[in-house]
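The structure appears right after this line, and notes come after that.
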Amino acid sequence: MCIRDSVSDTGADTRTVHVDLGARSYDILVGGGLVARAGQEIAARLPGIRAAIVTDANVAPLHLDRLSAALDEAGIGHVPIVLPAGETTKSFDHLMQLVDALLGARLERGDAVIALGGGVIGDLSGFAAGIVRRGMRFVQLPTSLLAQVDSSVGGKTGINSPRGKNLIGVFHQPALVLADTDILSTLSRREFAAGYAEVVKYGLIDRPDFFEWLEANHAAIFAGGPARVEAVARCCEAKAAVVADDEREDGNRALLNLGHTFGHALESAVRYDPERLVHGEGVAIGMALAHRFSHRLGLIDGQDVTRVERHLQAVGLPTRIDAIPGPALDVDTLMDRIAQDKKVSRGQLTFILTRGIGQSFIAQDVVPDDVLSLIHISEPTRR
Ligand code: NAD
């Protein structure tokens, strides 16, 4: 993995992060104006392809025409496929609809599925690309901050099951990721903040300097400009390093799940209702809980917990379960969802815990009763 700077034809600075996976290696381009250049960037790497642009009903009216024009300019024939927005689109029903549309468009294995959207569209389209004709080419144009810094990189694709999140899917690496940081300007502040939770995650896993940089620069990142490009590129670099080291999550890639066991359980407990909780907000609460849990186990200072919670709160992210609007969540339901998580083995839970800011580690022997008592103690209104 390496990172390079270049200046595009439009004059905008573009950073290139290379994901080193042997024959499955690819570039992530990060910068402004990349949608307008998408046709030429794709044609340079995947000459002669046709494509389907998969997007959602929120993103389509904002960005589909520009991408379509950029593909036309490069002579890439394409069809648009517009799906409903929201987490519930990551379902078998929508997968079938998408697969049918790809086959109906007579796309071949050498052609490409281009995901223009957030993590939902990226995960679903990547899964479809992975299984149609035993694996079509796949390009990601992530449009949410979360998708730019996390879900578009690394090749995890899939859908949800009524039994839990992301339980059905395949690893299928993209051929190219174009993270156009200008596209984030149409994202709501709430969704931007939710994606920012994943940005903070990289600092908390193993980059304490990055966390400190975020504490000083979060306002500039929210405002846009060079700090935003820098933040996205540094996150992609961090994720690329982890993925290159452990593509299929046999080891350290699990560190990327910091905050996610709690977060997924919370999302599932509110039935993926975005009015109540979106993914990144669940991760923010989950990261705060992971730090409080580590403190309870005597692993970290209370000051570290406060610092993490303060930073998340400074950008408007929730840090407690009782910040979720609507009816109180039942602790038993929550524990049931935690036990359904993919990270359970022989009754013991795998959690990402920490010995300090930027010192996370994989704990494979977490006792469910300890988690239960943490939730009771730290969320007194839920007793
Ligand atoms: P999302 O795709 O639902 O997007 C959030 C909302 O923002 C949607 O309403 C969408 O229509 C809208 N949106 C997206 N881009 C926009 C833009 N530029 N302007 C205006 N609106 C825009 O959700 P998300 O937060 O991007 O991703 C969450 C999903 O990602 C979850 O399903 C999660 O499981 C998955 N995920 C996957 C990985 C992975 O490695 N594959 C990693 C992290 C998260």
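Each ligand, and each atom within it, is numbered from 1 in the order the structure gives. Only a predicted model underlies this, so the values are computations on that prediction, with no experimental measurement involved.
Looking only at protein heavy atoms, the nearest one to atom 38 (C) of ligand 1 is S151 CB, 3.2 Å. The nearest protein atom to atom 33 (C) of ligand 1, hydrogens excluded, is given as K165 NZ, 3.6 Å; this is a heavy-atom distance. At the top of the distance list for atom 3 (O) of ligand 1, counting protein heavy atoms only, stands V120 CG2, 3.3 Å. Considering only non-hydrogen protein atoms, atom 24 (P) of ligand 1 sits nearest to G119 N, 3.5 Å. When only non-hydrogen protein atoms are considered, atom 43 (C) of ligand 1 lies nearest to D150 OD2, 3.4 Å. The shortest contact between atom 11 (O) of ligand 1 and any protein heavy atom is with D56 OD2, 2.6 Å. Here the heavy atom of the protein found nearest to atom 4 (O) of ligand 1 is G118 CA, 4.2 Å.
Listed for the S294 side chain is a donor-acceptor partner under 3.5 Å among the backbone atoms of T354.
Between R50 and E108 there is no salt bridge, since none of the side-chain N atoms of the basic residue sits less than 4.0 Å from a carboxylate O of the acidic one. E309 and R292 are joined by a salt bridge, as a carboxylate oxygen and a charged side-chain nitrogen come within less than 4.0 angstrom of each other.
No side-chain heavy atom of I81 sits under 4.5 Å from any side-chain heavy atom of T55. Looking only at side-chain heavy atoms (C-beta outward), R253 and V243 come within less than 4.5 Å of each other.
A tilted orientation is assigned to the rings of H264 and H279, their planes being inclined by 30° to 60°.
Partner of E247 under the salt bridge (Lys or Arg N to Asp or Glu O under 4.0 Å) criterion, out of R24, K239, K156: R24 alone. Under the side-chain contact (heavy atoms from CB on, under 4.5 Å) rule, H78 has a single partner from L107, I114, D72, which is D72. For the side-chain contact (heavy atoms from CB on, under 4.5 Å) with T350, the lone residue among I362, D365, V366 that qualifies is I362.
Each of the following atoms of ligand 1 lies closer than 4.0 Å to a heavy atom of N166: 34 (O). Of all the atoms in ligand 1, the ones that sit under 4.0 Å from a non-hydrogen atom of S144 are 15 (N), 24 (P), 26 (O). Less than 4.0 angstrom separates some heavy atom of T143 from each of these atoms of ligand 1: 14 (C), 15 (N), 16 (C), 17 (C), 18 (N). Heavy-atom proximity to V59, at under 4.0 Å, picks out these atoms of ligand 1: 13 (N), 14 (C), 15 (N), 16 (C), 22 (C). Which parts of ligand 1 touch T186 is read off a 4.0 Å heavy-atom cut-off, strictly below it: atoms 17 (C), 18 (N), 19 (N), 20 (C). Residue A85 approaches ligand 1 through these ligand atoms, each under 4.0 Å from one of its heavy atoms: 11 (O). Residue-ligand proximity, I183 to ligand 1, at heavy-atom distances under 4.0 Å covers atoms 18 (N). Heavy-atom proximity to K90, at under 4.0 Å, picks out these atoms of ligand 1: 31 (C), 32 (O), 33 (C), 34 (O), 35 (C).
Between G39 and L71 the shortest heavy-atom distance is CA-CD2, 3.9 Å.
The part of K239 lying near ligand 1 is the side chain, judged by heavy-atom distances below 4.0 Å. Using a 4.0 Å cut-off between heavy atoms, D123 contacts ligand 1 through its side chain alone, with no backbone atom that close. By the criterion of a heavy-atom distance under 4.0 Å, the side chain of L146, and not its backbone, is placed next to ligand 1. Of all the heavy atoms of E191, the ones lying under 4.0 Å from any atom of ligand 1 belong exclusively to the side chain. Here N160 has no heavy atoms under 4.0 Å from ligand 1, in either its backbone or its side chain.
Within the 4.0 Å heavy-atom shell around ligand 1 one does not find R190. Under a 4.0 Å heavy-atom criterion, L184 is not in contact with ligand 1.
Sorted by first and then second residue, the ring pair (Phe, Tyr, Trp, His ring centres under 6.0 Å) pairs involving residues 308-333 (not counting sequence neighbours) are Y196-H311, F211-H311, H218-H311.
In terms of polar-atom proximity, defined here as any N/O pair under 3.5 Å, E87 does make such a contact with ligand 1.
Counting non-hydrogen atoms of neighbouring residues, nucleotides and ligands closer than 6.0 angstrom, the CZ atom of R271 reaches no more than 12 such neighbours. Counting non-hydrogen atoms of neighbouring residues, nucleotides and ligands closer than 6.0 angstrom, the CD atom of E215 exceeds 12 such neighbours.
The heavy atom nearest to atom 13 (N) of ligand 1, out of those in V243, L187, N58, is found in L187.
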- Message: What verdict does the salt bridge (Lys or Arg N to Asp or Glu O under 4.0 Å) test give for E237 and R234, after you've listed the backbone C-alpha separation in whole Å, the side-chain angles of each residue and the deciding distance to 0.1 Å?
- Response: CA-CA 5 Å; E237 186 187 20; R234 284 173 75 171; 5.4 Å; no
